[in-house]
Amino acid sequence: MTESNSNALRQERLKKLASLQQQGHSPYPTKFERSHGAQQLQTDFENHTETEQFQELAAVTVCGRITALRRMGGASFLDLRDGSGRIQLYAEKDTLSEQNYELLMEHLDIGDFLGVSGQLFRTKRGELSIDIKNFQFLSKSLLPLPEKWHGLKDTEVRYRQRYLDLISNEETREAFRTRSRIVTAMRTFLDGESFLEVETPVLQPIYGGAAAKPFVTHHNKLDTDLYLRISDELYLKRLIVGGLERVYEIGRDFRNEGLSTKHNPEFTMMECYQAYADYEDMMRLTENMIAFIAQEALGTMEIEFQGHKIDLTPPWPRKTLRDAILEETGIDFLKHPTTETLIQAIKDARLKVTTQKTWGKWVDELLSVYVEPKLISPTFLTDYPVELSPFAKKHDGSDTLTERFEVFAAGFELGNAYSELNDPLDQRERFETEAKIENQGNGEINPLDEDFLTALEHGMPPTGGLGIGIDRLVILLTDRPSIRDVILFPTLRPVKANIQNKDSA
RNA sequence: GGGUCGUUAGCUCAGUGGUAGAGCACCUGGCUUUUAACCAGGGUGUCAUAGGUUCGAUCCCUAUACGACCCA
């Protein structure tokens with residue numbers, strides 16, 4: 001059996017580890033107290049440029065991962081990175097003593113965690129540095145880091161071993177910091193609008209609230225199958241029934257479908273529901289919220305997405321779905337109320353489409369192929385067909401259209417909202433209609449949820465509801481091409497064989 | 001599910017039907033203000049996996065695995 005190179009590199013480090021221990025140094029101590037973060041030092045001493053300015057300062061103590069090492073005989077420079085930033089360390093025989101200098105240099109590898117204390121100074125080239133007086137190994141690394149200049153590019157390794165991506169690529173670190181700021185800003189906004197944050201079940205006896213296939217799991221003691229939720233909708237509405245007038249939830253939904261640059265089987269959704277509001281109110285809420293988030297998380301409402309300049313300043317344009325499809329395809333779906341005439345119109349217009357099974361799916365196809373990709377600037381499309389909107393209230397006097405909108409930006413759907421259907425009898429009919437369509441071989445429907453209907457029968461006030469896909473919002477605001485770039489550990493096919501086998505003799 | 005592309009050293013990548021290359025990393029030596037440090041020396045590899053064609057395959061063919069992108 002050939003000893004692999006990675007194993008050879010590892011053996012080299014294991015030797016250093018053993019040698020450290022032999023000399024009475026623990027390579028994995030429990031705790032370390034620091035006086036400063038790296039970025040704090042850079043900021044606090046920005047204006048200290050003269051050597052004398054540092055002389056009265058006490059020693060500073062920092063800790064972090066060593067990311068670069070420049071050895072020059074009796075003195076060496078080290079880059080130390082912590083969670084906040086980078087600081088240069090200077091190790092010198094004269095300060096450390098020859099013995100300690102050798103101890104450090106003989107055992108240190110790039111990737112190790114180190115705690116140091118020493119005197120701040122500026123080098124000839126003007127870089128703030130710490131002249132090390134004392135040091136302690138905080139964690140010895142056994143495997144080498146990716147290359148320092150090109151970083152880690154292999155997409156598969158970046159996703160499977162995200163920690164390496166985070167260590168290597170600043171853009172990755174920044175994208176996830178921005179994601180966190182986005183979610184925080186969203187909470188700040190909703191809290192400011194008096195919404196109550198709640199948590200509802202992920203494990204549900206009946207799934208619903210969206211058109212999607214669920215994941216199924218099993219509870220042993222109850223001996224019953226449960227579904228991972230595909231949306232939060234039906235539980236949040238129960239809370240509206242219960243008198244919580246404004247609620248929201250930010251949580252994971254699960255849809256048992258394909259993966260793409262815009263789809264991950266588990267994804268994060270924000271849903272909010274507001275009593276006595278309608279979909280017009282939710283439109284205003286949406287544009288104000290996302291503009292606020294952009295301002296908080298990015299400091300601007302003017303963003304760039306894959307080369308397109310996008311202005312998020314409200315108000316955003318509104319357009320009916322009918323007009324949008326009419327403009328792009330010349331087809332007025334309201335004039336073709338049956339599947340047959342709609343298909344004929346699509347044929348006459350010689351549109352490139354994929355065959356669909358129902359009238360609503362055909363409308364949806366026209367939307368996704370001809371309209372959606374063109375909606376780069378944020379746009380509300382309103383008034384969707386009933387068939388596509390089983391939980392939305394019908395327009396007054398219309399049997400065809402609902403008070404619903406979807407909001408689009410960057411060529412994809414960001415969110416979805418309705419004036420919520422609160423007529424329990426109508427809701428029951430919608431479930432039953434869906435079941436009939438399912439019998440025609442549709443595929444994804446909301447199974448009838450008797451418990452939810454009971455809640456509606458107790459009375460739900462007029463309510464506006466909104467769902468925003470957080471991952472997609474982050475895609476938009478961080479200018480990333482793929483949802484995998486904004487989910488720390490995106491779903492990948494599991495590896496069957498071991499990637500590495502490190503336990504060979 | 002279909003198509004295209006990719007998989008070579010720890011990382012980033014070249015390359016060829018005749019026993020494998022660079023830079024970084026690593027190892028040895030030198031160097032007390034460097035910062036992609038530098039100088040001298042060292043290549044550390046199941047060329048994704050399994051078959052096939054061939055005197056000979058990392059390269060050509062087939063299948064498989066994983067990934068990326070496009071289509072469904």
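Hydrogens, waters and symmetry mates are skipped; everything else that's a heavy atom, side chains included, is used. Here is how names work: the chains are called A, B, and so on, in the same order as the sequence lines, proteins then strands, and each is numbered from 1.
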For [X], report the nucleic acid contact type (base, sugar-phosphate, nothing); a contact means any heavy atom under 4.0 Å.
X: L145(A); value: nothing
X: E92(A); value: base
X: R71(A); value: base
X: K352(A); value: nothing
X: R484(A); value: sugar-phosphate
X: Y159(A); value: sugar-phosphate
X: D154(A); value: sugar-phosphate
X: T261(A); value: sugar-phosphate
X: G258(A); value: nothing

Nearest to the side chain of [X] - [options]?
X: R86(A); options: U35(B), G67(B), A25(B); result: U35(B)
X: Q88(A); options: C26(B), A72(B), U34(B); result: U34(B)
X: T155(A); options: C26(B), U33(B), A68(B); result: A68(B)
X: L492(A); options: U32(B), A68(B), U34(B); result: A68(B)
X: R493(A); options: A37(B), C69(B), G67(B); result: G67(B)
X: K16(A); options: U34(B), C27(B), C11(B); result: C27(B)

I'd like the [atom1] distance from [M] over to [N], given in whole Å.
N: U4(B); M: A37(B); atom1: P; answer: 43 Å
N: U28(B); M: U62(B); atom1: C1'; answer: 47 Å
N: U58(B); M: U8(B); atom1: P; answer: 15 Å
N: G45(B); M: A25(B); atom1: C1'; answer: 15 Å
N: U33(B); M: C26(B); atom1: C1'; answer: 26 Å
N: A65(B); M: G51(B); atom1: C1'; answer: 15 Å
N: A20(B); M: C24(B); atom1: P; answer: 22 Å
N: G10(B); M: U44(B); atom1: P; answer: 12 Å

Scan every strand shown for a Watson-Crick or G-U wobble partner of [N], both distances under 3.5 Å, and answer none if you come up empty.
N: A25(B); answer: U44(B)
N: C31(B); answer: none
N: U54(B); answer: none
N: U7(B); answer: A65(B)
N: G1(B); answer: C71(B)

Specify the closest pair of heavy atoms between N446(A) and G209(A), including all atoms of both residues, with the distance to one decimal. OD1-N, 2.6 Å
Could you tell me whether the phosphate oxygens of [N], OP1 or OP2, come under 4.0 Å of any side-chain nitrogen or oxygen in [X]?
X: R70(A); N: U34(B); value: no
X: K153(A); N: G6(B); value: no
X: R125(A); N: U33(B); value: no
X: R160(A); N: C66(B); value: no
X: K124(A); N: U34(B); value: no

State whether a side-chain donor-acceptor pair under 3.5 Å links [X] with [Y].
X: D131(A); Y: Q119(A); answer: no
X: Q21(A); Y: S26(A); answer: no
X: S19(A); Y: H107(A); answer: yes
X: Q88(A); Y: R70(A); answer: yes

Kindly check if the number of other-residue, nucleotide or ligand heavy atoms within 6.0 Å of CD (E170(A)) is above 12? yes
For E52(A), does the CD atom sit with more than 12 other heavy atoms under 6.0 Å from it, leaving out its own atoms? yes
Rounded to the nearest Å, what distance is computed from the [atom1] atom of residue [X] to the [atom2] atom of nucleotide [N]?
X: L69(A); N: A36(B); atom1: CG; atom2: P; value: 15 Å
X: D112(A); N: C26(B); atom1: CG; atom2: C1'; value: 14 Å
X: K93(A); N: U33(B); atom1: NZ; atom2: P; value: 13 Å
X: D79(A); N: A37(B); atom1: CG; atom2: P; value: 8 Å
X: L152(A); N: G10(B); atom1: CG; atom2: C1'; value: 11 Å
X: M105(A); N: C26(B); atom1: CE; atom2: P; value: 12 Å

Check whether any side-chain N or O of R81(A) sits under 3.5 Å from a backbone N or O of G85(A) as a donor-acceptor pair, and report yes or no. no
Would R162(A) count as a cation-pi partner of F489(A), with NZ or CZ less than 6.0 Å from the six-membered ring centre and within 45° of the ring normal? no
Heavy-atom nearest nucleotide on RNA chain B for L259(A) versus S482(A): which residue maps closer to 5'? S482(A)
Return the 5'-most residue of the pair P146(A), I110(A) with respect to RNA chain B, ranking by each residue's nearest nucleotide. P146(A)
Donor-acceptor pair (no angle test) under 3.5 Å: E127(A) side chain, U34(B) base: no
